[in-house]
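Just below is one structure, and these are the notes that go with it.
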Amino acid sequence: MTTTDIHLRQFAEHAKRRVESMLDRVLPAASIHPARLHEAMRYCTLSGGKRIRPLLVYAAGQACNADDTPLDMAATAVELVHAYSLAHDDLPAMDDDDLRRGQATCHKAYGEAEAILAGDAILTLAFRVLSHNMAELISTDRCLRMIDLLSHAAGSRGMVGGQSIDLASVGKQLEIAELEDMHIHKTGALIKASVLLGALCADTNKDTLESLGHYAQFIGLAFQVQDDILDVTGSTEQIGKTAGADRSLNKPTYPALMGLSNAREHARLLHESALNCLTSLGQEADPLRWLSGYIVARTA
């Protein structure tokens, strides 16, 4: 294990402890009425996972010298949006998947209707976290910018729109530009929002926000390229979800369009481009650099 690997592990463990503690605090207890809904919400959200988006919030916040408490709120809001999206993406009407993070998907464990409701409730909780708690920690202007940013990234111009494009693309042959447009929306929008939310927890200047936005766009695409690669090369046990699902659904992917070797090279080039966006930042941005490397090298 390299020194960078050790530093990244230490950073990730610290950040994950913080966000998982916050998620446990903001989610209603499973004993509170309606108990089954709250149990399903906790099942979707507290079932582990890499927590990449919260890690990006904390990493960007560190790069901009943000305080921990607003970063906790921003990281929690982002992870709630992500958890809702997974519960809905796995539904029979969407990707129809049985496994998520190595366990039964929410609709398999709680039924389709409860999974839909749990996703709805998790999404709305994300915006309560930002609107109710954040305004006491940072300026009202920045708080409103964060709510606007996350709502845009999660909506029809971002993640939900990307899922719609994805569903409409099943069985079709897309060009690379069309595939990238889909993933800029479906995966990249929330990843970019994660980085920018972390930066907005501090009074970050316009130039730095712009550089971080470019960095986030590159790693958002790199994340999806590596996801597509793992769908081909990984096992179900390794990746925690059904391996080969994209192929079985005849979805357009980077390996399908450009071949596995070229997809790996594309991910590497995206990683290099992301790093180039951070040249104006010092060692305080190292966690962003480590995460970019992790994204293209991960095996799960």
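As the structure is a computational prediction, the values presented were derived from the model and not from experiment.
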Shortest non-hydrogen contact from [X] toward [Y]:
X	Y	result
Arg36	Gly111	NH2-N, 4.5 Å
Thr204	Ala199	OG1-O, 2.6 Å
Val57	Ala74	CG1-CB, 3.8 Å
Thr45	Arg101	O-NH1, 4.3 Å
Ala60	Leu288	N-CD2, 3.8 Å
Ala104	Lys108	CB-CB, 4.0 Å

Sub-3.5 Å donor-acceptor pair from the side chain of [X] to the main-chain atoms of [Y], do we have one?
X	Y	value
Arg100	Cys106	no
Ser21	Arg17	no
Arg142	Ala202	yes
Glu284	Gly282	yes
Arg42	Glu39	no
Thr124	Ala121	yes
Ser164	Val160	no
Asn205	Asp207	yes

With a 4.5 Å cut-off on side-chain heavy atoms, are [Y] and [X] touching?
X	Y	answer
Ile219	Leu291	no
Cys64	Leu212	yes
Leu27	His38	no
Pro252	Gln173	no
Ile6	Thr3	no
His266	Glu180	yes
Ile191	Thr187	yes
Asp95	Gln163	yes

To the nearest 0.5 Å, what is the distance between [atom1] ([X]) and [atom2] ([Y])?
X	Y	atom1	atom2	answer
Met134	Met146	CE	CE	3.5 Å
Thr4	Asp286	OG1	CG	8.0 Å
Leu196	Thr208	CG	OG1	11.5 Å
His82	Lys50	NE2	NZ	7.0 Å
His271	Ser292	NE2	OG	4.5 Å
Leu200	Leu150	CG	CG	11.5 Å

Is there a chain of hydrophobic side chains (I, L, V, M, F, W, Y, each step under 4.5 Å between heavy atoms) that links [X] to [Y]?
X	Y	result
Ile122	Ile116	no
Leu46	Leu99	no
Val26	Leu137	yes
Leu55	Leu86	no
Met41	Leu123	yes

Query raised in the report: Apart from Met258 itself, what residues make up its hydrophobic cluster, given side-chain heavy atom links below 4.5 Å?
Result: Ile165, Leu174, Ile176, Leu179, Met182, Ile184, Phe218, Leu221, Val225, Ile229, Tyr254, Leu257, Leu260, Leu270

Report task. List, by chain and number, the other hydrophobic cluster members for Tyr43, where Ile, Leu, Val, Met, Phe, Trp and Tyr join if side-chain heavy atoms come within less than 4.5 Å, directly or indirectly. Result -> Tyr110

Query raised in the report: Do Leu130 and Cys143 pass the side chain to side chain contact (heavy atoms under 4.5 Å, CB included) test, and can you show the C-alpha distance, the side-chain angles, and the key distance before you say yes or no?
Result: CA-CA 7 Å; Leu130 278 188; Cys143 182; 5.7 Å; no

Requested in this report: Using the ring of Phe223 (Phe, Tyr or Trp, six-membered ring only), decide whether Arg298 places NZ or CZ under 6.0 Å from its centre and within 45 degrees of its axis.
Outcome: yes

Report task. Determine, step by step, whether Met159 and Val81 satisfy the side chain to side chain contact (heavy atoms under 4.5 Å, CB included) criterion, reporting the C-alpha distance in whole Å, the side-chain angles of both residues, the deciding distance to 0.1 Å, and the verdict. Result -> CA-CA 10 Å; Met159 184 178 64; Val81 172; 3.8 Å; yes

Identify whether the distance between the nearest side-chain nitrogen and carboxylate oxygen of [X] and [Y] falls below 4.0 Å.
X	Y	answer
Lys172	Glu178	no
Arg53	Glu79	no
Asp148	Arg145	no
Lys186	Asp181	no
Lys16	Glu13	no

Are a donor atom and an acceptor atom from the side chains of [X] and [Y] found within less than 3.5 Å of each other?
X	Y	answer
Ser273	Asn276	no
Thr69	Asp72	no
Tyr58	Asp68	no

Query raised in the report: Between His7 and Phe11, is a ring-ring contact (aromatic ring centres under 6.0 Å, His included) present by the stated rule, with each step listed?
Result: CA-CA 6 Å; His7 288 325; Phe11 171 81; over 10 Å; no

Requested in this report: Count the heavy atoms belonging to other residues, nucleotides or ligands that lie under 6.0 Å from CZ of Arg268, then report whether that count exceeds 12.
Outcome: yes

Query - More than 12 heavy atoms from other groups under 6.0 Å of CZ on Arg128 - result: no

Report task. Applying side chain to side chain donor-acceptor pair (under 3.5 Å) between Asp166 and each of His183, Lys251, His185, report the one that passes. Result -> Lys251

Report task. Would you check, one step at a time, whether the test side chain to side chain contact (heavy atoms under 4.5 Å, CB included) holds for Leu144 with Thr140? Result -> CA-CA 6 Å; Leu144 290 173; Thr140 302; 4.1 Å; yes

